[in-house]
Each structure stands twice: as structure tokens, then as C-alpha cells.
Amino acid sequence: MSNTGLNGAPTFASVLRDYGRDKRQGELRGDWAVLLFYRIWSFPLIWLLARTPVSPTAVTLSSVPLALSMPVLALALPLERAALGVGLVAILFQILDCVDGGLARCTGRTSRLGGTLDFLIDMAQWGLLYGSIGLLADRVLDTGALWTAVGCAAAWVRLYARVVRDAGAGGADAVSAAGAKRPAGPLDVVLWFFAGLSGAIPPALLLAWWSGTLSWLIVFLLVYALADVAEGLVETLARRDG
């Protein structure tokens, strides 16, 4: 079956096949929220953009204003609409984050620069989102800068967790390959579920805004980030010992 249409652009079916071959298993094993909330919306956008001169790097860079706007929206919008604005922008960012990689794969326009930019912008976005959630909580609860500080602390811990995991990445391929060959057990499923909660944070912001639990969301983010660091340390030290 051909992977391209009459004009040489990828077909919609080939976009889905590329995802199934390269990303689906990884997202089901630890990134399920990305698939559930964002990935499905990226497929038509990838298919459309593959028919234009727009590059994957251009898509990545287009998400920068979205990330930078989140703290501005948290402070500038009327209180009853601020969390809604930040949450929707964060969701749109995540959709674009799915689009750039998918577009690169289906068009063959992958590059080391594009991958590096994608990583750096994604990490900055999480820091800005966490800080924005703290700003929103402080506005709602009139607590000065207390929850902003907690949100920024959670962001720092999340970024540190990524550093810890990258430090142990030397043996990650072998560990992943071994894990893929053995049947998944109940503990694996539980760990995949909790790992995948990370991608659910933007929709969780909308839920917390609706239910009046923004401060509890920030506490969860901090605890979740600390647990991520702890797990990363255990995995990294285990790989070093092995």
C-alpha cells in the first residue's frame, strides 16, 4: 500500500501507521494521557501540514508564544476566566508538541536541531505552566506568593527529575528492550498509569478550576515531581550498579 498521495504528500493512513510503528507502544506504556488528550487531535493537523512548506521546526517554534503567554494570562485575565485561558493554551501547546514530531517522521524531515529545540521548549513550558498554576491559586485564595513559590518548586523538581533520568540513560535502551520482551504485570500497569498522569496536568487544571481545588493540584504536582525524582534515582543507580 502506498504511503503517499497523488502529490507525494503522506496519506492520512500513513500518518497513522507511522505513529503506530514509532510511538504508540511507548505512549501506552507510560504516556497514555498524551494519546488520550492530544495525540488524536494531532493526526489531521499533521496530514494537513504535510501538504504545505511548513517545517517541523517551525511548528515547534510556533509553540513558544503559547508557553510564554501562560503566566501573562494567569495574571491579566479576569479571575473567573484566567484558569480556563491557561488550561486551554496548555492543551493547545501539547497538541502542537505532538504535531512537530509526527510531521518530522512522516515527511522525513527529522533533525538533531529540531529534536533539541523540542526538548528545551517543552521543559520551559512545564516550568511556566507550574508557575502559572501557582499564580492562579494565589489570586483565587489571596495568599500572596505562597502557591506561586510552591508551583515553581514543583517545576524545579520536575526538571531535576529529567536530569536524573538522563544521567542514567546509558543503560536505558537495554532496560527498555528487556522490558518490552517480557509480559506486563500488574505492577507495570500501575507504574505506567502514574507515569502517564504527567500529560493529564493541563486538563487537570481545568478540573481543579471548576472544582475549586487549585491548591490541592499544586500540592499534587510537588509530590508527583518528588516521586519522579525518587524513581529516577533508583533506576539510575540500578543501571550504574548493573
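- Residues Leu35 and Val189 fall into different hydrophobic clusters, defined by Ile, Leu, Val, Met, Phe, Trp and Tyr side chains chained together at heavy-atom separations under 4.5 Å.
- Between Asp138 and Leu146 the shortest side-chain heavy-atom distance falls below 4.5 Å.
- When all heavy atoms of Ser69 and Val89 are compared, the pair lying nearest together is OG-CG1, 3.7 Å.
- Residue Trp192 qualifies as enclosed at atom CH2: its count of foreign heavy atoms under 6.0 Å is above 12.
- Of all heavy-atom pairs between Val229 and Ala161, the closest is CG2-CB, 3.5 Å.
- Transitive grouping of hydrophobic side chains (ILVMFWY, heavy atoms separated by less than 4.5 Å) keeps Trp32 and Leu187 in distinct clusters.
- Side-chain atoms of Val59 and Val54, non-hydrogen and from C-beta on, do get closer than 4.5 Å to each other.
- Side-chain contact between Phe93 and Asp122: present, with at least one pair of heavy atoms (C-beta onward) separated by less than 4.5 Å.
- Across every non-hydrogen atom of Thr57 and Gly114, the tightest pair is OG1-CA, 3.9 Å.
- Put simply, the side chain of Tyr130 never gets that close to the backbone of Thr148: no donor and acceptor are under 3.5 Å apart.
- No donor-acceptor distance shorter than 3.5 angstrom exists from the side chain of Arg105 to the backbone of Tyr19, with no hydrogens or angles considered.
- The minimum heavy-atom distance between Trp209 and Glu80, with the atom names listed, is CZ2-O, 3.1 Å.
- For the atom pair OG1 of Thr110 and CG of Leu103, the computed distance is 11.0 Å after rounding to the nearest 0.5 Å.
- Judged by distance alone, the side chain of Arg51 and the main-chain N or O of Pro10 form a donor-acceptor pair under 3.5 Å.
- Within a 6.0 Å radius of CZ in Phe194, no more than 12 heavy atoms belonging to other residues, nucleotides or ligands are found.
- The shortest side-chain heavy-atom distance between Leu77 and Val72 does not fall under the 4.5 Å cut-off.
- Summarising the geometry of Ala225 relative to Ala154, their closest heavy-atom pair is CB-O, 3.7 Å, with the distance given to 0.1 Å.
- Checked options Leu217, Leu141, Leu135; the residue passing with Trp147 is Leu141 (criterion: side-chain contact (heavy atoms from CB on, under 4.5 Å)).
- At least one side-chain heavy atom of Ile201 sits under 4.5 Å from a side-chain heavy atom of Trp126.
- Atom CG of Leu206 sits about 5.5 Å away from atom CG of Leu88, to the nearest 0.5 Å.
- In this structure, CG in Leu128 is found 11.5 Å from CD1 in Ile133, a value given to the nearest 0.5 Å.
- The CD atom of Gln125 sits 10.5 Å away from atom CG of Leu68, with the distance rounded to the nearest 0.5 Å.
- For Arg139 (side chain) and Ala74 (main-chain N/O), a donor-acceptor pair under 3.5 Å exists by modelled atom type.
- The shortest distance between side-chain heavy atoms of Leu61 and Ile121 falls below 4.5 Å.
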Residue pair Tyr224, Leu197: steps toward the side chain to side chain contact (heavy atoms under 4.5 Å, CB included) verdict: CA-CA 9 Å; Tyr224 186 74; Leu197 287 175; 3.9 Å; yes
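- The two residues Arg158 and Ser198 have their closest heavy-atom pair at NH2-OG, 2.7 Å.
- Residue Leu159 holds its CG atom at 6.5 Å from CE of Met123, rounded to the nearest 0.5 Å.
- Checked against the 6.0 Å centroid criterion, the rings of Trp47 and Phe43 do not qualify as a close aromatic pair.
- In this structure, Thr52 contributes its side chain and Leu49 its backbone to a donor-acceptor pair below 3.5 Å.
- Rounding to the nearest 0.5 angstrom, the gap separating the CG atom in Asp97 from the CG atom in Leu92 is 11.0 Å.
- Counting heavy atoms from C-beta outward, Phe37 and Pro202 have side chains that stay 4.5 Å or more apart.
- Contact of the Val140 side chain with the Leu79 side chain is registered, since non-hydrogen atoms from C-beta on lie closer than 4.5 Å.
- Between Leu205 and the options Ile91, Leu136, Leu221, a side-chain contact (heavy atoms from CB on, under 4.5 Å) holds for only Leu136.
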What's the verdict on side chain to side chain contact (heavy atoms under 4.5 Å, CB included) for Val34 and Cys98, showing C-alpha distance, side-chain angles and the deciding distance? CA-CA 8 Å; Val34 170; Cys98 294; 3.7 Å; yes
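- Counted by atom type alone, Asp118 and Thr60 present zero donor-acceptor pairs between their side chains at under 3.5 Å.
- The number of heavy-atom neighbours closer than 6.0 Å to OH of Tyr160, taken from other residues, nucleotides and ligands shown, is 12 or below.
- The hydrophobic clustering, which links ILVMFWY residues whose side-chain heavy atoms are closer than 4.5 Å, places Leu73 and Leu75 apart.
- Judged purely by atom type and a 3.5 angstrom limit, Trp156 has no side-chain atom pairing as donor or acceptor with the backbone of Cys152.
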